[in-house]
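Below: one structure, written as structure tokens.
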2 protein chains.
Amino acid sequence: MGRTLIHGAVVVPVLDDSYHKEGYLIIEGTRIAEVGAGTYAGSTDGFDTVIDAKGKLAMPGLINTHGHASMTLLRGYADDLPLQQWLEERCWPIEAKMTDEDIYWGAQLAILEMLKGGTTTFTDMFYFMDRVAQAVEESGIRAVLSRGMVGFDPENGQKLKEQAVQFVQDWHGKADGRVNVMFGPHAEYTCPKHYLVQAAQVATEYKRPIQIHLSETVKEVQDCIERYGKTPVALFEEVGLFNNPTIVAHAVHVTDEDIAILKKYDVRIAHNPDSNLKLGSGVAPALKFLEAGLTVGLGTDGAASNNNLDMFEELRMAAMLHKGVNIDPVAINAFTAVQMATNNGAKALFLEDTLGTLQAGALADIILLDIEQPHFYPKRHNMIAHLAYSSNSHDVTDVFVNGKQLVKDRQVLTMDEKRVYAEIESICERLYAE
Amino acid sequence: MGRTLIHGAVVVPVLDDSYHKEGYLIIEGTRIAEVGAGTYAGSTDGFDTVIDAKGKLAMPGLINTHGHASMTLLRGYADDLPLQQWLEERCWPIEAKMTDEDIYWGAQLAILEMLKGGTTTFTDMFYFMDRVAQAVEESGIRAVLSRGMVGFDPENGQKLKEQAVQFVQDWHGKADGRVNVMFGPHAEYTCPKHYLVQAAQVATEYKRPIQIHLSETVKEVQDCIERYGKTPVALFEEVGLFNNPTIVAHAVHVTDEDIAILKKYDVRIAHNPDSNLKLGSGVAPALKFLEAGLTVGLGTDGAASNNNLDMFEELRMAAMLHKGVNIDPVAINAFTAVQMATNNGAKALFLEDTLGTLQAGALADIILLDIEQPHFYPKRHNMIAHLAYSSNSHDVTDVFVNGKQLVKDRQVLTMDEKRVYAEIESICERLYAE
């Protein structure tokens, strides 16, 4: 079992809004053994690795609670378009051409970007998920994965459900516990009512949580009300979806009654502020979620709708956007936003309570940021505020997941960056051939 | 006269929404002599410097149209507070203690951050402006500077007006033309009517434009209506301010009538989306400005209200925020946002028409970005979209201003980075002593 000492860093445990101006961390195996304040005074004997992290800041790795990793293949291909045109004329035709190999390399590109940007856990709902899981296993990142389930066509719906079950059986808990699997019925508008019932049942049977898109656009809610006489939230309650642990993505257009239902079942929220802005979906009522006591994590969504997978931007957006649109300078303070990107993200995904914090016993998912940069000065001021309002994914220099160093001095140790780029360009030549 | 060749880069001239997948630039002295598409086929003889920019993207330097550079000294000191408390209990007491030396080092920290982040022109309204101008001269950046004028007290108001005139005489056009000076009456709420009249007159007399804060908060507009029976925009028209070329910062709470007045006088707008969000001021109606044909640039505002000076974040925010709050996925497209951060920023500041573009004859303010990074892939897709939605200030590797290289491989050549940090920490020890 490897032992690593990281010392001399500013340490931000994300347990409360305090931090250590100087502190140290000891990693043993996959977990944090000790977090201490001040200069490390012990012996450095018995450590396999000793990292002098002076000029760095240590914090929990960021947790991305919603996305579609392999949509990196569509980044920059479909922007500034109306939503239906974006989806039907751009995204779907290209997605229809994607092979499992494309999905694998698209996921690699996403993981490369996320690891470099300090994301240590990501969430994915897509297809050919075995290949995404393979990319997770090989790269060393942590992930929560779902085989997307769409039920327009009964036969296909049945097939996808079987694939989803198979995927749970094949992958949940694998890769040293870094792969978590959920069920992923896609959304109300892609899953008829009877199919949602089946999804709820299979999740209960296999004891895995559900992730689903919810009330992302005005049109989605209006169509659902037209179809069923109730909102997607009320429908999901009716079909028993919320009897399972559930995380919903977006929740932009929800009523106060919807929020009360979400609260009743302790449904978790993946808030995707950038994606919701860019697609013109709107601004989710995150303040109301927090006031209701709901657990809110942050997500990037896919790279076709963001267009990067930068959790520091989501963190910053969450801290700034709701102040502005609510004309309320004290809405969502810096520490709350940092929590949303770390520990509350973990809670939103039903992962271990200690994930997303730095404390003894927690999984050792840790990032180091270079704070010898202008935007971290003056250093004497609030480092949590610097993290929320001033920092940037490119500040990340080192990343550990499950106790293993995956990024060192901005280089991803477990992946072949140039190979990924070459594969992506070659795949896109085929996908986008006239 | 030095000659520099930059070749092999993706070149984004920002003249229209096209770009060269490969191109080259020739700099002669302070200006761009040639911009070409394709591989450079000429001789490299006669160049003092030849830069192989394969894997890089060349674009005009970003233009920050509003800020208070030395407020870097307050970064992270006053966050998540109500506006009046932020200003009166935090900002003002510290600002009252700042010496000219503090202002100088605060400006250095700001310039360091801006240069590293690809900003080649910044705008400043503050005090001890000689020292800010000194920092501009020494660092090589381009700036538009104003001695802030506040007219509560008649005697002090007169003194500030004299300082502002002296500052125009001493500094306008200096530092090889990199220092531009405007008059800077601070805002309606800090300048009584008669003082605004004086400011308008002195600007006319010295033939320099005006920059002023405008309608940033609901309270500011309400108070003005209470005082004068009209909005700040209508008041500024009445006192003759708009008879001078004028750039207004913020314009968050403006009526359609206000916008018509702004259009009548071709008033330029400094849109500060991040600052307006963070301080809970609101979201400026940027779509209406553009529809009215107004010239809109982007600004970071000071680091106490942002908290960084990252123009790529403003660019991205401008491209995303208005889509979301207007539920309109085609609002402010990628190219429009890039224009706002470059050429339209130059226009907003009444600088040369060609500044903020890459074309023969334009001032050679150029930045290079490292595009061998995950978030720029697939490269075959729209690079303008990548710039607006996916890129980041830390992508910038090289910066030229007025034809001179100021940043090389992320190192600022003209400044002593470690010295700046040491001075900032030492100054803050004094400023923030209990």
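Residue numbering restarts at 1 for every chain, and letters A, B, ... go by the order of the sequence lines.
Note: A:V330 leads A:D395, A:N382, A:V330 in heavy-atom pairs under 4.5 Å with chain B. Between chain B and the options A:L321, A:N276, A:V283, the largest number of non-hydrogen pairs under 4.5 Å is found for A:L321. With respect to chain B, the highest number of heavy-atom pairs below 4.5 Å among A:K323, A:E417, A:H394 belongs to A:H394. Between chain B and the options A:A388, A:P329, A:A334, heavy-atom pairs under 4.5 Å are most frequent for A:P329.
B:D79 contributes atom CG, which lies 10.0 Å from atom NE2 of A:H381 (distance to the nearest 0.5 angstrom).
Residue contact with chain A, scored on non-hydrogen atoms closer than 4.5 Å, involves the backbone of B:S391 exclusively. If you measure heavy-atom distances from A:N392 to chain B, the contacts under 4.5 Å come from the side chain alone. For B:N326, no part sits under 4.5 Å from any heavy atom of chain A, backbone or side chain. Within the 4.5 angstrom heavy-atom criterion, only side-chain atoms of B:H386, from C-beta onward, approach chain A. Interface residue A:K116: only side-chain heavy atoms are found under 4.5 Å from chain B. For B:L74, the part sitting under 4.5 Å from any heavy atom of chain A is the backbone (N, CA, C, O) and nothing else. Interface residue B:L73: only backbone heavy atoms are found under 4.5 Å from chain A. With a 4.5 Å cut-off on non-hydrogen atoms, A:E372 touches chain B through its backbone and its side chain both. Proximity to chain B (any heavy atom under 4.5 Å) is restricted, for A:I332, to the backbone atoms N, CA, C and O. Residue A:M383 does not touch chain B at all, counting heavy-atom pairs closer than 4.5 Å. Heavy atoms of B:Q373 lying under 4.5 Å from chain A belong to its backbone as well as its side chain.
Residues of residues 424-431 of chain B that come closer than 4.5 Å to chain A, counting heavy atoms only, are B:I424, B:E425, B:C428, B:E429, ordered by residue number. Inspection of non-hydrogen atoms places B:L109, B:L112, B:E113 of residues 105-114 of chain B under 4.5 Å from chain A.
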